[in-house]
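Notes to accompany the following structure.
Only this structure's heavy atoms are used, side chains among them; waters, hydrogens and symmetry mates stay out. Every value quoted in this text rests on a predicted model; they were computed, and no experiment measured them.
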Amino acid sequence: MTDEASTPILTRDGAIATLRLNRPRHLNRIEPPDLAAIAAAIDEVNADPAIRVLVFTGTGRAFSAGYHLGDLAERPDAAVTTGGPQLSFEDVGTKLENCRVPVICRLNGGVYGGSTDLALCCDFRIGIDTMEMFMPAARLGLHYYPSGMVRYVSRLGLNAAKRLFLTAEKLQAPELLRIGYLTEMVAPEALDEAVAALAERLAAMAPLAVQGMKIALNEISRGEFDAAACAARATATQKSQDIKEGLAAFREKRAPVFQGR
């Protein structure tokens, strides 16, 4: 890790890839070039079948201060919401949510602004017990983009979403765990162990089943469930080598070794 700022850094250790925001002096504020780097990293993960889990985290004492809004009031056409000619923050969130593999958000510190939604785009969020979350859109006069609001409601429920969007209230880790924003809360010194344990557990599961069920669960949460596509994926797993290995391992009382085919 370094104090020298850069676009996000993608590294890999076996089946587990890590994408790290790297602007620690500005609490990992996300600049426009970072959006392209995050999108490219997700494309790289999606293209490599050997990668089975992605960990998304930040350098230093915060996960991320959110998107650099800067002089947004003077730039009404800034690439925040999808639909324009430029890659937008919303586009990147959608891409992260639809990443092929399970994504763990390693919340090493506070999460603010648009990055609160990037964390929600991940499948799991493990955060330290001293972290906080603050989503100040209403306080700034900014209407949040559509897919982010859908995610808040589908992940946290309407009451929690209204509380966070309409009041701009800052919440601490225990409350974030209570409302379901955090999957798990740990002491700072236990963060790496907790993330590694979950990543290794996910990496050991059958890839076709895990990745297919992730698609279905996200579709269900958004009210976009494609039952026919889900049934096709389920049928494919029944014909796969993975299910043969899984059943054999169960009978032989050993850990399965899945090939993802």
Side-chain angles (χ1 to χ4, degrees), residues 8 19 21 28 30 34-35 38-39 41-42 45-46 53-58 63-67 69 79-84 87-107 110-127 131-140 142-171 173 175-185 202 210-211 213-226 230:
L19 179 59
L21 302 174
N28 298 319
I30 295 174
D34 298 331
L35 296 179
I38 294 170
I42 296 169
V45 169
N46 286 341
V53 182
L54 175 63
V55 176
F56 189 28
T57 191
F63 172 68
S64 176
Y67 191 42
L69 298 176
V80 175
T81 301
T82 194
L87 183 70
S88 72
F89 194 92
E90 183 174 21
D91 291 330
V92 172
T94 299
K95 194 176 191 70
L96 179 59
E97 181 178 45
N98 293 329
C99 182
R100 176 180 59 86
V101 301
V103 183
I104 303 169
C105 190
R106 175 187 176 275
L107 288 160
V111 55
Y112 311 96
S115 291
T116 64
D117 183 46
L118 289 184
L120 279 177
C121 292
C122 301
D123 302 292
F124 304 90
R125 288 162 297 283
I126 301 179
M131 66 162 289
E132 62 182 16
M133 182 265 234
F134 177 44
M135 212 286 293
R139 193 162 158 183
L140 297 173
L142 179 67
H143 191 302
Y144 219 69
Y145 52 85
S147 63
M149 299 186 76
V150 170
R151 244 183 315 271
Y152 263 81
V153 174
S154 66
R155 302 293 193 274
L156 306 179
L158 181 60
N159 288 341
K162 284 183 175 180
R163 177 183 179 188
L164 292 165
F165 275 111
L166 305 184
T167 71
E169 182 180 359
K170 184 180 291 184
L171 298 186
E175 182 66 0
L176 294 172
L177 181 66
R178 189 192 72 79
I179 66 173
Y181 188 86
L182 289 181
T183 308
E184 184 178 354
M185 181 181 73
L202 289 167
V210 167
Q211 293 162 24
M213 289 189 291
K214 170 179 171 171
I215 293 171
L217 291 168
N218 279 342
E219 288 178 348
I220 292 167
S221 75
R222 297 190 298 259
E224 301 173 353
F225 182 50
D226 187 334
C230 181

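With rounding to the nearest 0.5 angstrom, the CD atom of E184 is 9.0 Å from the CG atom of L177. With rounding to the nearest 0.5 Å, the separation of SG in C105 from CG in L96 is 8.5 Å. Rounding to the nearest 0.5 Å places CG of N218 at 6.0 Å from CG of D123. Separation of atoms CG (N159) and CD1 (I179) is listed at 11.0 Å; rounding is to 0.5 Å. Atom CD in E224 sits 13.0 Å away from atom CD1 in I215 (nearest 0.5 Å). One distance of note links CG of L176 with CG of L107; it measures 9.0 Å at 0.5 Å rounding.
Under a 3.5 Å cut-off, the side chain of T167 and the backbone N or O of L164 do not form any donor-acceptor pair. Judged purely by atom type and a 3.5 angstrom limit, E169 has no side-chain atom pairing as donor or acceptor with the backbone of R163. The closest donor-acceptor contact from the side chain of K214 to the backbone of R100 lies at 3.5 Å or more, if one exists at all. Using modelled atom types, one side-chain atom of S64 and one backbone atom of N28 make a donor-acceptor pair closer than 3.5 Å. With hydrogens and angles ignored, the 3.5 Å screen pairs a side-chain donor or acceptor of R125 with a backbone N or O of A119.
Side-chain N/O atoms of D117 and Y145 include a donor and acceptor closer than 3.5 Å. There is a side-chain donor-acceptor pair under 3.5 Å between R155 and S221.
In plain terms, the two heavy atoms of L118 and G93 that are nearest each other are CD2-CA, 3.9 Å. Annotation for M135 and G113: closest pair CG-O, 3.8 Å, computed over non-hydrogen atoms. Closest of all the heavy-atom pairs between G148 and F165 is O-CZ, 4.4 Å. The shortest non-hydrogen separation linking G114 to Y144 is CA-OH, 3.4 Å. Nearest heavy-atom pair, G127 versus M131, reported as atom, atom and distance to 0.1 Å: CA-SD, 3.9 Å.
Ring geometry for F89 versus Y67: interplanar angle of 30 to 60°, hence tilted.
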Test side-chain contact (heavy atoms from CB on, under 4.5 Å) on L21 and I38 and set out the steps. CA-CA 9 Å; L21 302 174; I38 294 170; 4.1 Å; yes

Run the side-chain contact (heavy atoms from CB on, under 4.5 Å) check on V45 and V101 step by step: do they pass? CA-CA 8 Å; V45 169; V101 301; 3.8 Å; yes

Would L120 and L156 satisfy side-chain contact (heavy atoms from CB on, under 4.5 Å), going step by step from the backbone distance to the final call? CA-CA 9 Å; L120 279 177; L156 306 179; 4.3 Å; yes

Check against side-chain contact (heavy atoms from CB on, under 4.5 Å), C122 and I104: CA-CA 6 Å; C122 301; I104 303 169; over 6 Å; no

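A 4.5 Å side-chain heavy-atom check between C121 and V103 finds every atom pair outside the cut-off.
Here E132 pairs with K170 under the salt bridge (charged side-chain N to carboxylate O under 4.0 Å, His left out) rule; sequence neighbours left out. Applying the ring pair (Phe, Tyr, Trp, His ring centres under 6.0 Å) rule to Y181 yields no partners; only residues at least two apart in sequence or on another chain are considered.
Counting non-hydrogen atoms of neighbouring residues, nucleotides and ligands closer than 6.0 angstrom, the CZ atom of R222 exceeds 12 such neighbours.
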